[in-house]
Amino acid sequence: MASVVRHDRVRRWSLVAAVAAVLIALPAVVAAFPSPAAPVEPARLRQLIMASAGQPHQGYAESTGRLGIPDLPNLEQVGSLLGGTTRIRSWYDSPDRWRFAVLSTLGNERDVYRAPDGEYAWEYGTNQFTQILGEAPVRLPRAGDLLPPDLARRVLTAAPGDPGSALPSRRVAGIAAAGLRIRPADPDTTIGQVDIWADPDTGLPVRVEVTARGAGQPVMVTEFLELSLTRPAPELIRPRAPAGSGFTVLSVPDIAAAFNSEPTFFPGRLAGRELRTPELAGIPGAALYGSDLAAFVVLPLPRGAGGRATDAARRAAGSELALPGGTGVLLSVPPVTAIVARSTVSRRSFLIAGLVTPAVLERAAAELSTARRNRP
């Protein structure tokens with residue numbers, strides 16, 4: 001039973017953590033100073049950043065986060081990723097050929113390779129090389145998600161309608177980088193601003209700062225400390241098991257099947273936000289409401305998992321909610337907000353999460369608690 005509970009906590013927090021990690025990055029560790037970068041219009045810099053996925057590069061980056069993710073079983077790495085400093089060596093050739101290595105102060109290393117035929121991972125501590133078959137539509141965040149190029153493009157993809165303004169240039173890893181500030185227009189998002197610095201010629205992001213609304217300093221910062229805009233040698237990104245290492249093959253679990261045990265009807269609007277899709281990331285029954293950085297997700301929990309998820313939320317210092325058609329527990333880890341709600345009307349449990357204020361999710365949970373199981 002303990003293993004089932006641990007698995008359920010991982011599944012319950014994976015989406016919350018993914019929302020936080022796919023849209024946020026990590027207080028500066030190196031003082032920056034003004035640099036004589038040629039000014040770039042915000043709209044032009046945004047275009048360059050979005051088109052920078054084809055720019056080869058290699059370097060060393062550090063991400064530092066201040067999110068107080070609760071300590072939950074099997075999620076220690078997520079807490080460390082979002083609430084500490086992560087050191088990453090990166091080699092990038094193209095979107096389907098890259099490698100990053102997570103370095104520790106103890107000399108341990110974990111490498112993830114991307115090749116045209118899939119992903120591979122090597123764990124130094126266990127000397128284990130693993131081939132990963134399939135693509136996961138939703139997964140726990142990992143260090144590669146917080147590298148400046150990947151994170152910056154994800155943020156801009158998630159905020160296409162939010163205005164951008166120019167920031168003073170700064171020198172990052174030897175590059176006189178141009179700056180872009182994205183300030184979400186929706187007052188209900190918990191993100192106050194996202195600052196991105198990128199190479200003005202190639203658009204490659206080199207530093208990202210994310211600041212929660214009302215905060216005096218970033219909750220996350222990620223930046224390159226060393227960077228070369230050159231293509232890595234083929235042998236550096238070629239997946240290859242070290243001599244004497246073990247080898248395993250793993251298949252990505254079918255998340256869609258796990259969450260599609262029974263039909264779910266989603267209202268056309270929740271908390272004043274339109275239903276954008278009832279199949280988020282290709283998962284039937286996972287809904288996305290709203291737009292840009294003020295969007296939130298609604299995920300029905302599998303039968304029998306709601307009670308355990310609610311108990312886990314309570315143990316993580318969640319606040320009890322009385323809903324018109326049920327109950328809920330609110331967790332707020334700025335800028336992430338999440339609610340585990342139980343509807344006595346539909347007899348379903350839901351996870352609702354996003355980078356929005358608690359008031360928005362409380363309203364969504366209240367409306368969802370009175371919605372009937374099937375379409376009227």
Side-chain angles (χ1 to χ4, degrees), residues 13 15-25 46 65-69 82 151-152 154-165 180-196 208-220 266-278 280-281 286-299 313 317-326 328-341 343 350-371:
W13 272 101
L15 187 60
V16 180
V19 170
V22 167
L23 299 178
I24 305 176
R46 189 172 193 149
R66 297 189 178 188
L67 273 76
I69 299 295
L82 302 179
L151 181 69
R154 288 178 184 269
V155 168
L156 294 182
T157 299
D162 288 328
S165 59
L180 173 68
R181 170 167 290 174
I182 301 298
R183 194 184 294 276
D186 194 319
D188 287 328
T189 179
T190 52
I191 298 295
Q193 64 194 41
V194 180
D195 295 341
I196 303 170
V208 180
E209 297 180 0
V210 177
T211 303
R213 192 177 297 277
Q217 58 183 335
V219 292
M220 290 183 169
F266 291 107
R269 293 175 67 89
L270 278 179
R273 285 158 169 75
E274 297 284 346
L275 172 64
R276 289 177 58 189
T277 175
L280 178 63
L288 178 67
Y289 285 86
S291 60
D292 300 346
L293 293 176
F296 60 87
V297 297
V298 178
L299 183 67
S319 302
E320 299 287 341
L321 297 176
L323 304 175
V329 179
L330 167 71
L331 281 168
S332 182
V333 185
V336 182
T337 307
I339 290 178
V340 180
S343 169
F350 299 87
L351 169 66
I352 313 171
L355 301 175
V356 293
T357 61
V360 171
L361 291 198
E362 288 181 35
R363 180 181 169 188
E367 295 173 5
L368 192 62
S369 71
T370 60

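Scanning all heavy atoms of the two residues, the minimum distance from Arg213 to Asp186 falls at NH2-O, 3.1 Å. Considering every non-hydrogen atom in both Leu330 and Pro358, the closest pair reads CD2-CB, 4.0 Å. Taking all atoms of both residues into account, the shortest heavy-atom contact from Leu270 to Glu367 is CA-OE1, 3.3 Å. Nearest heavy-atom pair, Ala271 versus Val360, reported as atom, atom and distance to 0.1 Å: CB-O, 3.6 Å. Closest approach of Leu323 to Gly328, counting heavy atoms only: CD1-N, 4.1 Å. Considering every non-hydrogen atom in both Leu180 and Gly164, the closest pair reads CD1-CA, 4.0 Å.
In this structure, the side chains of Pro267 and Leu368 come closer than 4.5 Å at one or more pairs of heavy atoms. For the pair Pro218 and Thr211, the minimum side-chain heavy-atom distance is below 4.5 Å. Contact of the Arg276 side chain with the Ser291 side chain is registered, since non-hydrogen atoms from C-beta on lie closer than 4.5 Å.
The distance from the OG1 atom of Thr189 to the CG atom of Asp162 is 8.0 Å, given to the nearest 0.5 Å. With values rounded to the nearest 0.5 angstrom, Glu274 atom CD is found 9.5 Å from Tyr289 atom OH. Glu362 contributes atom CD, which lies 10.5 Å from atom CD1 of Ile352 (distance to the nearest 0.5 angstrom). Atom CD1 of Ile339 and atom CG of Leu361 lie 5.0 Å apart (nearest 0.5 Å).
Put simply, the side chain of Thr337 gets close to the backbone of Val356: a donor and an acceptor are under 3.5 Å apart. In this structure, Ser343 contributes its side chain and Gly326 its backbone to no donor-acceptor pair below 3.5 Å.
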- request: Give the intermediate values and the outcome of side chain to side chain contact (heavy atoms under 4.5 Å, CB included) for residues Leu156 and Ile196.
  value: CA-CA 10 Å; Leu156 294 182; Ile196 303 170; 4.1 Å; yes

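Salt bridge absent: Asp188 and Arg363 never bring a charged side-chain N and a carboxylate O closer than 4.0 Å.
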